[in-house]
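Below: one structure, written as structure tokens.
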Protein chains: 2
Amino acid sequence: MEAASSRVARVEIDRRRLPPEERQQQIVDEAVRFFAEVGLDGTSRELANRLGVTQSLIFKYFETKQDLIEAVYGRVYLERISPDWPALIRDRSRPIGERMSIFYRDYGSRIFDHDWMRIFMFSGLAGAELNKRYLNHLRQTLLEPMLEEVRQASDRRTVPTMEDIWSLHGGIVYIGIRQHIYRMPTPDEPQHEIDRAITRFLGSFGIKGPA
Amino acid sequence: MEAASSRVARVEIDRRRLPPEERQQQIVDEAVRFFAEVGLDGTSRELANRLGVTQSLIFKYFETKQDLIEAVYGRVYLERISPDWPALIRDRSRPIGERMSIFYRDYGSRIFDHDWMRIFMFSGLAGAELNKRYLNHLRQTLLEPMLEEVRQASDRRTVPTMEDIWSLHGGIVYIGIRQHIYRMPTPDEPQHEIDRAITRFLGSFGIKGPA
DNA sequence: TAGCTTAATGATCGATCGATGAACAAGATC
DNA sequence: GATCTTGTTCATCGATCGATCATTAAGCTA
């Protein structure tokens with residue numbers, strides 16, 4: 001072991017007196033991982049231990065614990081929905097099956113995430129508004145346009161409904177729930193199963209799918 | 001207001017000195033509703049308030065809070081899987097679509113339940129063994145036989161996989177998750193949507209569905 | 001109705017929670 | 001290198017947690 005106090009040896013850890021913005025970001029980053037693991041009832045003391053700081057320091061950056069949780073909500077909420085997706089869904093120069101495959105590939109890469117899945121579930125159980133806002137936004141900007149596109153591409157013999165879309169969506173999301181909530185075995189790369197689900201879905205409306 | 005001490009007027013409430021078995025059952029019943037609402041971190045004092053007894057009484061019937069939670073697990077776990085379902089799934093005198101429709105109608109009537117859905121999710125997030133035992137049992141006794149029956153009934157052009165079954169299952173379960181976890185609007189009577197999902201699923205394997 | 005069993009209460013313990021404020025010290029400024 | 005700013009620590013508060021135990025009283029029995 002070298003001398004622990006070497007300046008360059010502790011670039012990441014054991015640093016004191018950080019700039020406020022950096023410290024605040026560091027707290028939120030660790031809080032996301034911490035609350036995702038133990039739930040929103042995790043204590044400020046254990047979070048402080050993981051950060052290597054004292055518990056009181058957290059309350060220098062967040063007046064209440066609820067403020068910290070709201071900051072965690074904001075962090076996990078961000079970057080989870082791409083602004084490019086609405087245009088992708090409506091891009092009729094590509095087959096609807098290809099559009100849905102690409103969308104759910106990108107979507108899955110963002111939500112099949114341990115921290116996101118668990119914090120989203122914890123906040124949902126706690127009755128937070130985060131979930132309703134997120135799901136309403138998802139429905140209005142992505143799922144309802146997707147429904148319209150599938151209707152346009154269908155053979156009109158049977159017309160898809162919004163609940164049909166939710167069923168497809170739920171079947172895909174359930175992969176992440178099995179993996180991160182129930183900790184059950186799931187496919188390493190779920191794209192193949194996603195494409196199969198999309199193909200089955202589109203096929204029932206007379207549309208060719210991606211798989 | 002009448003005299004509150006009337007003997008017949010307080011048949012249900014304000015009864016003291018119950019037989020131990022009756023009191024224990026009463027505590028577990030209320031604990032199921034209580035923990036389903038506020039989570040497994042709900043306090044023994046608030047539970048006692050809802051029961052109209054003192055907090056210390058709960059620890060006369062359960063040595064630790066964890067013992068009470070285990071009793072809650074046992075209560076919600078029971079009666080959630082019918083012993084008749086394996087035979088139903090394998091009953092080839094009926095079309096596979098009809099079998100799956102009946103199964104998921106009965107299954108939905110048991111799991112689209114506020115207390116069950118939430119306690120199952122709370123326990124899953126807490127890492128309890130309940131969820132893995134339940135899902136493994138569900139897979140082995142019901143979903144894998146269902147996969148085999150669908151394969152038998154299919155036109156063999158495309159062969160269904162276990163992940164396909166999970167996708168169908170997840171799409172159905174997701175209705176309950178939207179309703180009881182996220183508290184979003186869902187169909188009052190989901191049987192129609194369930195049958196549509198089954199029909200889409202079977203149709204993609206060349207099988208006629210229930211809807 | 002007196003006596004006995006025991007279900008239930010009331011008081012309290014030690015630990016832990018979120019939150020507060022005084023004291024300290026790291027690091028920039030001159 | 002002395003001084004000042006402020007990020008951080010230390011000590012502590014009141015509330016609340018699960019859990020314990022002596023005391024009380026409901027309800028059966030003789």
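Below, all heavy atoms of this structure are taken into account, side chains as well, without hydrogens, waters or symmetry copies. The structure displayed is predicted, hence computed values, not measured ones. Letters A, B, ... mirror the listed sequences (proteins, then strands); counts begin at 1.
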Tell me which donor-acceptor pairs under 3.5 Å the side chains of residues 38-48 of chain B have, and how far apart each pair is, sequence neighbours excluded?
| residue | atom | partner | partner atom | Å |
| --- | --- | --- | --- | --- |
| B:Thr43 | OG1 | B:Glu46 | N | 3.2 |
| B:Ser44 | OG | B:Gln55 | NE2 | 3.2 |
| B:Glu46 | OE2 | B:Arg50 | NH2 | 3.4 |

Look at the side chain of [X] against the base of [N] and say whether a donor-acceptor pair falls under 3.5 Å; ignore hydrogens and angles.
{"X": "B:Arg45", "N": "D:dG18", "result": "yes"}
{"X": "A:Glu63", "N": "C:dA19", "result": "no"}
{"X": "A:Ser56", "N": "D:dC10", "result": "yes"}

To the nearest 0.5 Å, how far apart are CD1 in A:Ile58 and CZ in A:Arg23? 10.0 Å

Drop me the distance from B:Ile119's CD1 to B:His180's NE2, to the nearest 0.5 angstrom.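 Between B:Ile119 CD1 and B:His180 NE2, I get 12.5 Å after rounding to 0.5 Å.
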
Nearest nucleotide by nearest heavy atom, which residue falls closer to the 5' end of DNA chain D, B:Lys65 or A:Pro20? A:Pro20

Is A:Phe62 touching bases, backbone alone, or none of the nucleic acid, heavy atoms closer than 4.0 Å?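 Touches nothing.
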
Just checking B:Thr43: base, sugar-phosphate only, or nothing, at a heavy-atom cut-off of under 4.0 Å?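 The residue B:Thr43 makes sugar-phosphate contact but no base contact.
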
How many whole angstroms separate atom [atom1] of [X] from atom [atom2] of [N]?
{"X": "B:Ile58", "N": "D:dA19", "atom1": "CD1", "atom2": "P", "answer": "11 Å"}
{"X": "A:Ile69", "N": "C:dG18", "atom1": "CD1", "atom2": "P", "answer": "9 Å"}
{"X": "B:Leu57", "N": "D:dT24", "atom1": "CG", "atom2": "C1'", "answer": "14 Å"}
{"X": "A:Asp41", "N": "C:dG18", "atom1": "CG", "atom2": "C1'", "answer": "12 Å"}
{"X": "B:Leu51", "N": "C:dA7", "atom1": "CG", "atom2": "C1'", "answer": "15 Å"}
{"X": "B:Ile27", "N": "C:dA8", "atom1": "CD1", "atom2": "P", "answer": "8 Å"}
{"X": "A:Leu18", "N": "C:dG27", "atom1": "CG", "atom2": "P", "answer": "10 Å"}
{"X": "A:Asn49", "N": "D:dT9", "atom1": "CG", "atom2": "P", "answer": "11 Å"}

Would you say that A:Tyr182 contacts B:Lys132 through its side chain, given a criterion of any heavy-atom pair below 4.5 Å between the two side chains? no

Nucleotide of C:dA19, C:dT9, D:dA19 approaching A:Phe59 most closely (side-chain heavy atoms):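 Of C:dA19, C:dT9, D:dA19, C:dA19 is nearest to the side chain of A:Phe59.
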
From C-beta outward on A:Thr54, which listed nucleotide comes closest to its side chain: D:dT9, D:dA19, C:dA19?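 Among D:dT9, D:dA19, C:dA19, the one nearest the side chain of A:Thr54 is D:dT9.
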
In short, side-chain hydrogen bond (donor to acceptor under 3.5 Å, both in side chains) pairs touching residues 98-109 of chain A with sequence neighbours left out are A:Arg94-A:Glu98, A:Arg99-A:Glu149, A:Ser101-A:Gln191, A:Ser101-A:Asp195, A:Tyr104-A:His169, A:Tyr107-A:Tyr134

Classify the side-chain pair A:Glu30/A:Gln26 by whether it contains a donor and acceptor separated by less than 3.5 Å. no

Is any side-chain nitrogen or oxygen of B:Tyr61 closer than 4.0 Å to OP1 or OP2 of C:dA8?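 So the side chain of B:Tyr61 is within the cut-off, an N or O lying under 4.0 Å from OP1 or OP2 of C:dA8.
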
Nucleotide N/O to protein N/O under 3.5 Å, stretch nucleotides 22-26 of chain C:
| residue | atom | partner | partner atom | Å |
| --- | --- | --- | --- | --- |
| C:dA26 | N3 | A:Arg17 | NE | 2.9 |
| C:dA26 | N3 | A:Arg17 | NH1 | 3.1 |
| C:dA26 | N3 | A:Arg17 | NH2 | 3.1 |

Can you tell me if A:Arg75 uses its side chain to pair, donor with acceptor, with the backbone of A:Val32 under 3.5 Å?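 Such a contact is absent between A:Arg75 side chain and A:Val32 backbone.
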
